[in-house]
Protein chains: 2
Amino acid sequence: MAKSTASPSAAAVRQRGVTMSDVAKHAGVSRTAVSFVLSNRENTSISEETRARIIEAVQVLGYRPNAGARALASRRSDWYGIVTEIVTAPFAVDVIKGAQDQAWLDRRFLLIAPSDQADAVGPNQGLEDAATEKLLEQRVEGLLYAATFHRGVHVPASAQEVPTVLINCFDADGKLPSIVPDERAGGRVAVERLLRSGHRRIGVINLDPDIPAAVGRLEGARDALTSAGLELDPDLVVAGYATADGGYEAACQILDHPDPPTALFCLNDRMATGAYDAIKERGLRIPDDIAVIGFDNQELIAAYLRPKLTTVALPFQKMGALGVQTLNALTAGQPILADQQLVDCPLLERSSV
Amino acid sequence: MAKSTASPSAAAVRQRGVTMSDVAKHAGVSRTAVSFVLSNRENTSISEETRARIIEAVQVLGYRPNAGARALASRRSDWYGIVTEIVTAPFAVDVIKGAQDQAWLDRRFLLIAPSDQADAVGPNQGLEDAATEKLLEQRVEGLLYAATFHRGVHVPASAQEVPTVLINCFDADGKLPSIVPDERAGGRVAVERLLRSGHRRIGVINLDPDIPAAVGRLEGARDALTSAGLELDPDLVVAGYATADGGYEAACQILDHPDPPTALFCLNDRMATGAYDAIKERGLRIPDDIAVIGFDNQELIAAYLRPKLTTVALPFQKMGALGVQTLNALTAGQPILADQQLVDCPLLERSSV
DNA sequence: TTGAAAGCGCTAACAC
DNA sequence: GTGTTAGCGCTTTCAA
């Protein structure tokens, strides 16, 4: 941007309402010429000298293009919309960060509209619909839907009107492309890490067994074990509420098994907190007596636990970025790779294994 | 919105590009009439019957107003912009939530533009300026600046062009109105809580003594003590890094004092985590042997510690809402109450006192 | 190379 | 009550 290098005169700054015509007049050229240089139009030979005069006029007048007018005339807004419950329930904030960074790079604007987790799947889709509608009124060129936790969702019908991509969730009606974490690979990575440290008997603190995260992560755990010629002892897999207390109780049950494991795979970090307590209560040391690995990488938890929790991270930021990239492709009419893109969950080594 | 109650015919939905003229034609009225009923204009007697015909036309055609065109013609965008580092460093996310909820209520859109904490105060204001500029190009009617932690900031000059309010930070140049937490009252509340439980000798784990949060909270603590005819023992006030480790070290120093306190006021929750460890290490129980109170209410920490941490909350959401309310007043040409609005920090009782 | 002219979809006087 | 008329600030043919 030229404007950021030199600033317009103080007087000019105050005097808003400078239009393109003013610039043209000041530079002694036509509005078309100004439009051309400002939008960097190709093969439209404008002399270097004219271009310079225009740029200069822009600066001294403190001209600032009117994005709305431009959008109206060109019939493209350069806007994407994202409707998400993440602002409401700040867990996967990095999705927004990732999407926004990418949009910023692509010189697009991201309109963020709030949604409401409670309504996201149920019949009561009030906020979703309203948000989508609002976004569409702004003439966004693409729509993103992002959820705090991996699940199936129903997207308002009107979303079909522009390219739409789901992030950290998938279309329960199976039509829209989505971007989700590769839970299975993540589960595998976690258990492989444990195996690498010599653990052979592994306990698993499970989530609600029906949600995609639980299904995938457990499958991955089994994959790893199988590859090593081992298998999961069903006695050592216990589900609990996805909270510290739930983790505590599940851990107690596992630790008190007559033949207890030497390592614990907690399907999320919150439950790992509870597991820590159960372990310490029994006078065991982490990781010497028992190793613990988590999932989610909730920084505030994982990095502040003592010892710091080794865990598998959810690729929120990457999913966000991939979301807008996919939208870019879609709006450009390009084919996309797959209906569902799986994103890797990287292992974060800390000190609990 | 009428549209959300009945949905347009499937065919109509597909066929985008329905304009107000189409609606007028379909309803057999003028565009003006349509514009009037759609924008709920007052004292412009349109017969109930006409109005009904128009609404119906809107529905069957699946008409959706073009917000950009409307903005261009009416010269008001109904947009506010917020530039913040919060998306980058997700701590005070509730500011965004509060602002967004309020904006939504007021039927305004909030454009969120990312900023970069590192650059926020220094000479290198690259992102800030670019974000502000972008927002202004969208013709936002007001600007919000929000910081993750309470401090002085420099706002790009161009922000002066529209009403601007600072949230959780203040204008180092002292011109712009701001909304910040009442740190002093918060510190007072914390220590009063401790006094209420009979504690007389209180230790303080301090932050960097120069930042507004530290200054205010400590002052508040002193206020409370003074009111009770007590004073702070300087030996028992020790500053540390604002981390768990910093808290641990400071706590050790305080706890090993020959005449140790019976309660600890940690100026933030992260440091409280470390304090917990130091306390447990010494075989002391919370709150029986020593009470602990924090500050910040970082849910993930405060609610998962054992015992759960009693703490003082930062009113992020409220500040966000107040921010847009202030903007509303400003854009409406109303006077605002004060240059700096202080927002209360409520006490959150849990189990550590 | 540049300019004229039409029009994007809407609002808002003002006249009918 | 309703229609006419000008724009809002810009892009984009099409001619010059």
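Residue numbering restarts at 1 for every chain, and letters A, B, ... go by the order of the sequence lines. Note that the structure is a prediction, hence the values are computed from the model and not measured.
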Glu48(B) CD to dG1(D) P: how many Å, rounded?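 Going from Glu48(B) (CD) to dG1(D) (P), I get 11 Å.
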
Atom CD1 of Ile54(B) to atom P of dG1(D): distance rounded to whole Å?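 From Ile54(B) CD1 to dG1(D) P: 13 Å.
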
Qualifying residues under side-chain hydrogen bond (donor to acceptor under 3.5 Å, both in side chains), relative to Arg76(A), sequence neighbours excluded: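 For Arg76(A), the residues satisfying side-chain hydrogen bond (donor to acceptor under 3.5 Å, both in side chains) (neighbours in sequence not counted) are Asp78(A).
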
All ring-ring contact (aromatic ring centres under 6.0 Å, His included) counterparts of Trp79(A), not counting sequence neighbours: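 If we apply the ring-ring contact (aromatic ring centres under 6.0 Å, His included) test to Trp79(A), skipping adjacent residues, the hits are Trp79(B).
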
Contacts of type ring-ring contact (aromatic ring centres under 6.0 Å, His included), residue Phe316(A), not counting sequence neighbours: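 In terms of ring-ring contact (aromatic ring centres under 6.0 Å, His included), with neighbours along the sequence ignored, Phe316(A) is linked to Phe91(A).
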
Salt bridge (charged side-chain N to carboxylate O under 4.0 Å, His left out) involving Glu48(B) - partner list, sequence neighbours excluded: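 Glu48(B) satisfies salt bridge (charged side-chain N to carboxylate O under 4.0 Å, His left out) with no residue once adjacent residues are dropped.
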
Return the set of residues passing salt bridge (charged side-chain N to carboxylate O under 4.0 Å, His left out) with Arg53(A) (not counting sequence neighbours), or none when no residue passes.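 Testing Arg53(A) for salt bridge (charged side-chain N to carboxylate O under 4.0 Å, His left out), a comparison that skips the adjacent residues, returns Glu49(A).
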
Scan nucleotides 5-13 of chain D nucleotide by nucleotide, 5' to 3', and note B when protein non-hydrogen atoms come under 4.0 Å of the base, S if they reach only the sugar-phosphate, - if neither. -BBBBBBB-

Angle between the end axes of the helix from dT1(C)-dA16(D) to dC16(C)-dG1(D), five pairs per end, to the nearest 10 degrees?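 End axes: 40° apart.
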
Passing candidate, side chain to side chain contact (heavy atoms under 4.5 Å, CB included) with Leu143(A), options Leu136(A), Ile82(A), Val165(A), Leu111(A):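 Single pass found, and it is Leu136(A).
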
Just jot down the side-chain contact (heavy atoms from CB on, under 4.5 Å) partners of Leu72(B), sequence neighbours excluded, or say none.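 Leu72(B): side-chain contact (heavy atoms from CB on, under 4.5 Å) contacts with Asn66(A), Ala69(A), Leu72(A).
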
Enumerate donor-acceptor pairs with a distance under 3.5 Å from any side-chain N or O in residues 330-339 of chain B to protein atoms, sequence neighbours excluded.
from, atom 1, to, atom 2, distance (Å)
Thr331(B), OG1, Tyr80(B), OH, 3.4
Thr331(B), OG1, Leu327(B), O, 2.9
Thr331(B), OG1, Asn328(B), O, 3.0

